[in-house]
Amino acid sequence: MSETDVHPSHFIRDIVLADQESGLHSGRVQTRFPPEPNGYLHIGHSKSICLNFGLAEEFGGQCNLRFDDTNPEKEETEYVEAIKADVRWLGFQWAKECYASDYFQQLYDWAEKLISDGKAFVCDLNAEETRAYRGTLTEPGRPSPFRERSVKENLDLFRHMRAGEFPDGTRTLRAKIDMASPNLNLRDPVLYRIKRAHHHRTGDAWPIYPSYDFTHGQSDSLEKVTHSICTLEFETHRPLYEWFIAQLDIFPSHQYEFARLNLNYTVMSKRKLLQLVKQGVVSSWDDPRMPTISGARRRGTPPLAFRRFCETIGVTKFNGMTDIALFEHTIRNTLNPIAPRRMAVLDPLKVTLTNYPEGKVEHITAINNPEDAAAGERQIPFGHTLYIDREDFLEDAPKKFFRLKPGGEVRLRNAYVMKCDEVVKDAAGNVIELKCTVDFATLGANPEGRKVKGVIHWVSAAHAVQAEVRLYDRLFTVEKPDGDKEHDFMEFINPDSLRTVTACLEPELALDAQKVRDQISANAQLPLREEGSGVDSAMRPMYSSDLRVQFERVGYFCLDEDSTAEKLVFNRTVALKDSWAKHK
RNA sequence: AGGCCCAUGGUGUAAUGGUAGCACAGAGGUUUUUGGUACCUUUAGUUGGGGUUCGAGUCCCUGUGGGCCUGCCA
C-alpha cells in the first residue's frame with residue numbers, strides 16, 4: 001500500500017467525521033485556507049493546505065482559498081499570485097477564491113450593528129494608552145474613559161472615522177466585552193483602526209481597516225465554513241471568534257486548532273525568510289535552500305512528497321519539532337520509483353582505456369529505472385576515454401573501500417569490468433589521469449573466477465555534456481537556528497549550503513532537457529516562473545523542475561529554470577543515502 | 001505569576017478502560033552491475049506522586065515540564 005492511500009486518524013478528522021455522521025449542517029463540509037498575502041508560502045503552510053483541502057476532498061466538501069488581507073501595509077499582489085501558484089502546484093483546487101477585503105462593507109455594517117446594540121464603542125485612546133488600560137496577565141484592565149459614550153455619539157464618530165476625518169491612530173472602534181477577563185483578548189478588543197494605506201485590492205476606498213479578530217470568524221461565517229482550522233496560537237482567540245458570531249447571530253462556524261509544523265535546521269517565520277532574501281543570503285524566495293514551497297519546487301521536490309509528508313507527521317495539539325530527515329526520506333521514497341536513472345560525473349577524473357581502440361564507440365543498453373520496467377531502456381556511448389568521479393578512486397584505499405584503486409578492479413556501471421594499471425600524476429603529485437584496461441568478456445556477464453564488488457558510474461569523454469550542477473545542503477548548521485537567545489539566527493548560516501560544480505553528463509540528459517524545453521515552449525503562454533492565468537490545477541504549467549532524475553549513486557536532481565539551450569543547470573534535490581559515508 | 005492548551009522510544013505519531021504498535025533516525029544482516037532500492041533482525045517509550053477500577057497511556061486529584069496570550073499584526 002502506498003503512503004498516500006493511508007489516512008491515519010487524527011482528532012480533527014474525527015471531529016469532521018462525527019459531525020458528518022450526526023448530520024450537522026446536513027453533512028456538508030466546508031473548509032478554507034486563509035493565508036495573509038504578505039509573504040511566500042512555506043512547508044509549514046503546506047500542512048495547513050493539505051489538512052484543509054484534504055479534509056474537504058475526503059468528506060465530499062469544498063475548500064476555499066481566502067486571502068486574509070486586512071493589513072494593507074504588508075500585503076501585495078505579488079504574494080497573492082505566488083500563493084495561488086503554490087496551492088495549485090501542490091495539486092489542490094479551491095472552490096472559491098475569496099478575499100477578506102471583499103467583505104469590508106458587510107463588516108462595516110456589522111460594526112454599526114454592534115454599536116447600535118451597545119456592544120461596541122469608539123475609543124479615543126491612542127495605542128500606548130490602550131495598552132496601559134489593558135492591564136497585565138495578572139491584573140485586570142480598566143475600562144476606557146470613552147466606554148460609556150451614547151450609541152448616537154458612537155455611531156456618529158464611527159461614521160466620521162469611515163469618512164476619513166480623523167488622523168491615523170487617533171481613534172479605534174472597540175468591542176464592549178470585559179476589561180477584567182483573564183483572557184486578554186476579551187478586554188475590549190479593537191475592531192477597527194484608522195490607517196490611510198493603499199490596499200492591494202480596495203485601493204484608497206477605506207481609511208479604516210477591520211482587525212483580524214473582527215474579520216476572520218465573520219468571513220468564515222459568510223462562506224458557511226463548517227470547520228475553521230487554524231494553528232494553536234489562535235486558541236485564546238476562539239472565545240472572541242464565537243462572541244462575534246453569537247452577537248451578530250450569523251452562521252455558526254467553529255474553530256479548531258492544531259500544532260503548526262516545526263522543522264529542524266531551518267527557520268519558518270516570514271520575517272526571517274524575508275530577511276534571508278533581503279540580505280542576499282539566498283537568491284530569492286524560490287531559492288532551493290528556502291523552506292518555501294516555491295523553493296522546494298525549484299529544488300525538484302515532487303508535490304506528492306509534500307502530501308505524503310503531511311500525512312506522515314499527523315495532526316495533534318502537541319508542539320514538537322519534526323526531523324528534516326523524515327521529509328528527505330519522503331522525497332527519496334517518492335522519487336525512487338519515478339525518477340529515470342542517468343549517469344553524471346560531478347568531479348571528473350580522466351580514464352584512458354589502453355586496450356580499447358581509439359575512435360571506437362559502442363552504444364550500451366541501460367535500464368532507465370530498475371523500479372519500473374515501463375520506463376524502458378536507453379543507449380549510452382562508450383569509448384576510449386572516460387570520466388569517473390574522483391571520489392571513486394583512492395590511491396591508498398582502506399580495506400573496506402571497494403571502488404577503484406591501483407591494480408584493482410571495478411565494474412563500470414552498465415558496462416565492463418575495468419582494471420587500474422597506472423596512475424598518472426602532475427608535477428605537484430596530483431592524480432590527473434588513470435590508465436586502465438577493460439575485460440571484454442564482462443559486458444553483461446560476471447568475470448571469470450573472481451568477484452568484483454565495486455560498481456562506479458562513468459561518462460564517455462567524447463560524448464560528455466557539460467553542465468552546471470548546484471549541490472544544495474541545509475541552510476543552517478544547527479537544529480534550532482532561532483532558538484538561541486544569545487545568538488542571532490543569521491550566525492548559524494551554513495557556509496556550504498550551496499556548492500556549484502561543472503559536471504560531465506551522459507548525453508541522454510541533453511535530450512531529456514530538450515524535451516522539457518519543447519514542452520514548455522509548446523505552451524508559450526505558460527512561462528517558467530509565473531502562473532498562467534485561467535489554468536486549473538489539472539493543467540498546471542510545466543516547470544523545468546519537472547525533469548527529475550537520479551544521478552546514479554549520487555542523488556536526485558532536477559533541471560533548473562536557469563538552463564538554456566547552450567547551458568544546462570541541474571539542482572540536487574536530495575542526496576542518495578550513503579552508508580559508505582559512515583565508515584569514513 | 002492570571003487564564004487557556006499540551007505531555008507515549010532520540011524524533012514524529014497510534015492504541016471502544018483490556019497484549020503499548022507504526023514510521024524516521026541508530027545498530028546488525030540478506031539480496032543487488034547504484035555502498036541506492038527491497039527484505040530481515042535489533043536497540044529504545046507511556047513526565048513524577050497519589051487515587052478510582054478486576055484491570056489505567058487512557059478516568060480523577062496533585063506536582064513537574066513545555067507552548068500560547070499584555071499589536072491599532074495575522
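Chain letters run A, B, ... following the sequence lines, proteins first, then strands; residues in each count from 1.
For A:Phe11 and B:rU13, the CZ to P distance is 11 Å, given to the nearest whole Å. What separates CZ of A:Arg238 from C1' of B:rC5 is a distance of 9 Å, to the nearest Å. Put simply, CG on A:Leu326 is 12 Å from P on B:rG26, counting in whole angstrom units. B:rU11 atom P lies 11 Å from atom NZ of A:Lys480, rounded to whole Å. Rounded to whole angstrom, the span from the CG atom of A:Asn264 across to the P atom of B:rA25 amounts to 13 Å. At whole-Å resolution of the value, CZ in A:Phe327 and C1' in B:rA23 are 16 Å apart. Computed from coordinates, the A:Arg13 CZ to B:rA14 P distance equals 11 Å when rounded to whole Å.
In this structure, a donor-acceptor pair under 3.5 Å is absent between the side chains of A:Asp188 and A:Tyr133. Using modelled atom types, one finds no donor on one side chain facing an acceptor on the other under 3.5 Å when comparing A:Asp213 with A:Asn185. For the residue pair A:Ser228/A:Arg32, the side-chain donor-acceptor check at 3.5 Å is satisfied.
With P as the reference atom, B:rG66 and B:rU11 are 15 Å apart, rounded to whole Å. Across B:rU19 and B:rC24, the matching C1' atoms stand 25 Å from one another, rounded to whole Å. Between the C1' atoms of B:rU47 and B:rU43, the separation comes to 22 Å (whole Å). Atom C1' of B:rU13 sits at a distance of 33 Å from the matching atom of B:rA1, rounded to the whole Å. Between B:rA20 and B:rA56, the distance separating the two P atoms is 12 Å to the nearest Å. Here the separation of B:rA23 from B:rU42, taken at their P atoms, is 13 Å to the nearest Å. When the C1' atom is used for both B:rC61 and B:rC72, the distance is 43 Å, rounded to whole Å. On the C1' atoms, B:rG36 is 46 Å away from B:rG17, given to the nearest whole Å.
The distance from atom CG of A:Asn52 to atom CG of A:Asn64, rounded to the nearest 0.5 Å, is 10.0 Å. Of the inter-residue distances, the one linking A:Gln379 atom CD with A:Glu506 atom CD reads 11.0 Å to the nearest 0.5 angstrom. Annotation: the span from A:Gln218 atom CD to A:Glu223 atom CD amounts to 12.0 Å, rounded to 0.5 Å. The CZ atom of A:Phe234 lies 13.0 Å from the CZ atom of A:Arg238; values are rounded to the nearest 0.5 Å.
Distances shorter than 4.0 Å separate none of the side-chain N or O atoms of A:Thr322 from OP1 or OP2 on B:rU11.
Using a 4.0 Å cut-off between charged nitrogen and carboxylate oxygen, A:Glu311 and A:Arg13 count as a salt-bridge pair.
Under the 30°/60° scheme for interplanar angles, the aromatic rings of A:Trp285 and A:Tyr79 are found to stand perpendicular.
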For RNA chain B, produce a single dot-bracket line, 5' to 3'. Pairs: Watson-Crick or G-U wobble, both distances under 3.5 Å. Symbols: ( ) within strand, [ ] crossing, | other strand, . unpaired. .((((((..((((....[..)))).(((((.......)))))....(((((..]....))))))))))).....
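The nearest pair of heavy atoms linking A:Leu186 to A:Ile177 is O-CB, 3.3 Å.
Nucleic acid contact class of A:Ser9 (heavy atoms, under 4.0 Å, all strands): sugar-phosphate only.
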Can you check each nucleotide of nucleotides 66-74 of chain B against protein heavy atoms at under 4.0 Å and return B for base, S for sugar-phosphate only, - for none, in 5' to 3' order? -SSBBSBSB
How does protein reach along nucleotides 31-47 of chain B, written 5' to 3' as B (base within reach of a heavy atom under 4.0 Å), S (only sugar-phosphate), or - (no contact)? -BBBBBSS---------
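Between A:His457 and A:Phe551, the distance from one ring center to the other does not fall under 6.0 angstrom.
For the side-chain hydrogen bond (donor to acceptor under 3.5 Å, both in side chains) with A:Asn38, the lone residue among A:Glu73, A:Lys74, A:Glu75, A:Lys270 that qualifies is A:Lys270.
In textbook terms, a nucleotide whose glycosidic angle is within 90° of 0 is syn, and B:rG71 is one such case.
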